[in-house]
There are 2 protein chains.
Amino acid sequence: MLYYAQSISRLISELGKLPGVGPKTAQRLAFHLLNTSDEEALALADAIKEAKEKITYCSICSNLTDEDPCFICTDTKRDEGVICVVEDPKDIVAIEKTGEYRGKYHVLHGIISPINGIGPEQLKIKELLARVKEKPVQEVIVAISSSVEGEATGMYLAKLLRPLGIKVTRIAHGLPVGGDLEYADEVTLTRAFEGRTELT
Amino acid sequence: MLYYAQSISRLISELGKLPGVGPKTAQRLAFHLLNTSDEEALALADAIKEAKEKITYCSICSNLTDEDPCFICTDTKRDEGVICVVEDPKDIVAIEKTGEYRGKYHVLHGIISPINGIGPEQLKIKELLARVKEKPVQEVIVAISSSVEGEATGMYLAKLLRPLGIKVTRIAHGLPVGGDLEYADEVTLTRAFEGRTELT
């Protein structure tokens with residue numbers, strides 16, 4: 001059954017492929033784009049094109065970038081002796097927003113997950129190894145979520161990097177700031193107890 | 001503060017202009033587009049461009065279309081003697097999905113709303129008048145939501161069209177099918193009583 005003009009159908013179907021966008025939302029977005037000014041709608045189309053054309057992986061840290069090396073790797077004010085390993089480019093954004101971390105990054109683009117057929121070779125682990133061998137670092141901070149796969153990935157990295165004289169740490173897991181003990185799940189609470197520090 | 005490569009920033013900001021898309025969702029969509037295949041991402045960009053280039057208002061009914069007149073206006077199997085007046089092209093889709101209505105449509109592109117500075121001249125009302133004068137119709141069905149503005153728009157149309165010998169009706173308002181009396185609001189329930197029909 002035909003409800004829309006063909007190019008509207010096509011637009012709705014393409015928008016519906018975005019994550020979290022169902023048929024109703026796709027229709028709403030399509031009609032929004034049709035009602036909005038040409039400039040605004042075409043700006044979105046151009047932004048998609050430009051990003052797909054320009055964005056590549058940084059040859060040093062594997063972050064998404066439009067200049068190689070990326071703006072973090074070329075930033076000389078950052079500490080080269082510390083590398084924070086994350087699963088995904090999005091995680092870098094989250095950490096950068098704290099404004100506290102001044103070292104470098106390395107993006108694995110996934111975590112070890114045998115169930116999904118992802119082993120160490122599919123991740124940017126050999127790039128990390130090559131990197132620390134070329135330019136020695138003191139510490140690698142594993143900032144990966146604490147799922148079973150995340151833990152396994154952390155352990156795997158520690159086993160590879162410790163023999164090279166590199167300190168491997170992982171970020172603390174515990175009660176979120178402002179979080180109520182009452183509503184914390186058991187695993188988080190257990191982690192919070194394990195990671196307790198002395199009050200001085 | 002710079003968290004993303006420039007073309008990622010731009011993509012996130014353009015996506016963030018879509019209705020119901022906040023900064024977090026915009027970021028998620030942007031990274032999805034960066035991770036997806038070139039074909040899929042560029043298909044979306046092209047669909048936006050194509051729709052903006054091709055879609056215009058149908059010269060007869062003011063529906064959005066890529067061919068003028070639109071596929072509903074050119075459909076000879078539909079009853080030309082009945083015109084259903086709607087606020088928005090989306091409403092046509094909703095009515096078409098019922099598969100029950102076989103007349104034609106007319107899109108007003110808004111309703112009379114003095115508060116928002118929208119008077120009859122901003123709507124496609126003169127086009128409707130010209131249309132019924134050129135090709136006489138028996139009935140105009142007002143299918144507009146029953147807000148104060150919607151009612152006013154319906155009344156305005158009735159006042160214009162009745163002198164031309166056209167029957168002007170509005171769709172029934174009442175209890176949704178499957179809806180519970182208990183949860184219906186007072187206005188809907190009042191309308192349901194007013195619109196009661198005899199059981200035969």
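Protein chains get the first letters and strands the later ones, always in sequence-line order, with residue 1 at the start of each.
In terms of hydrophobic clustering, with Ile, Leu, Val, Met, Phe, Trp and Tyr side chains grouped at heavy-atom distances under 4.5 Å, A:V132 and A:L123 are assigned to a common cluster. Tracing side-chain contacts under 4.5 Å through hydrophobic residues (I, L, V, M, F, W, Y), one reaches A:Y156 starting from A:L128; they form part of the same cluster. Under the 4.5 Å side-chain heavy-atom criterion for ILVMFWY residues, a single connected hydrophobic cluster contains both B:I111 and B:L157. At a threshold of 4.5 Å between side-chain heavy atoms, the hydrophobic network of Ile, Leu, Val, Met, Phe, Trp and Tyr places A:I171 and A:V107 in one connected group. Linking ILVMFWY residues whenever their side-chain heavy atoms come closer than 4.5 Å, directly or via other members, places A:F71 and A:I95 in the same cluster.
The local environment of CD in A:E121 is crowded, with over 12 non-hydrogen atoms from other residues, nucleotides or ligands closer than 6.0 Å. Atom NZ of A:K167 has 12 or fewer neighbouring heavy atoms from other residues, nucleotides or ligands inside a 6.0 Å radius.
Chain B forms more heavy-atom pairs under 4.5 Å with one residue of A:L18, A:T65, A:V21, A:I92 than with any other, namely A:L18. Chain B forms more heavy-atom pairs under 4.5 Å with one residue of A:D88, A:I55, A:I12 than with any other, namely A:I55. Among A:E53, A:E14, A:H109, the residue with the largest count of heavy-atom pairs under 4.5 Å with chain B is A:E14. Between chain B and the options A:H32, A:R28, A:Q6, the largest number of non-hydrogen pairs under 4.5 Å is found for A:H32. When each of B:C70, B:A51, B:G99, B:A30 is scored by its heavy-atom pairs under 4.5 Å with chain A, the top score falls to B:A51. Each of A:K97, A:E50, A:K54, A:E67 has some count of heavy-atom pairs under 4.5 Å with chain B, and the biggest count is that of A:K97. Chain A forms more heavy-atom pairs under 4.5 Å with one residue of B:L64, B:T25, B:I72, B:N63 than with any other, namely B:L64.
Residue B:L44 holds its CG atom at 5.5 Å from CG of A:L15, rounded to the nearest 0.5 Å. Between the CD1 atom in A:I48 and the CG atom in B:L42 there is a gap of 8.5 Å [rounded to 0.5 Å].
Interface residue A:S37: only backbone heavy atoms are found under 4.5 Å from chain B. At a 4.5 Å heavy-atom cutoff, the contact between A:Y4 and chain B is made by backbone and side-chain atoms alike. Residue contact with chain A, scored on non-hydrogen atoms closer than 4.5 Å, involves the backbone and the side chain of B:K49 alike.
Looking only at distances, no side-chain donor or acceptor of B:K17 sits under 3.5 Å from a matching main-chain atom of A:E40. Without hydrogens or angle criteria, A:D66 side chain to B:A5 main chain gives no donor-acceptor distance under 3.5 Å. A donor-acceptor pair is defined here as one N or O able to donate and one able to accept, closer than 3.5 Å; such a pair exists between the side chain of B:K52 and the backbone of A:L34.
Counting heavy atoms from C-beta outward, A:D46 and B:R10 have side chains that approach closer than 4.5 Å.
B:P19 pairs in a side-chain contact (heavy atoms from CB on, under 4.5 Å) with only one of the listed residues (A:T36, A:L33, A:L29), which is A:L29.
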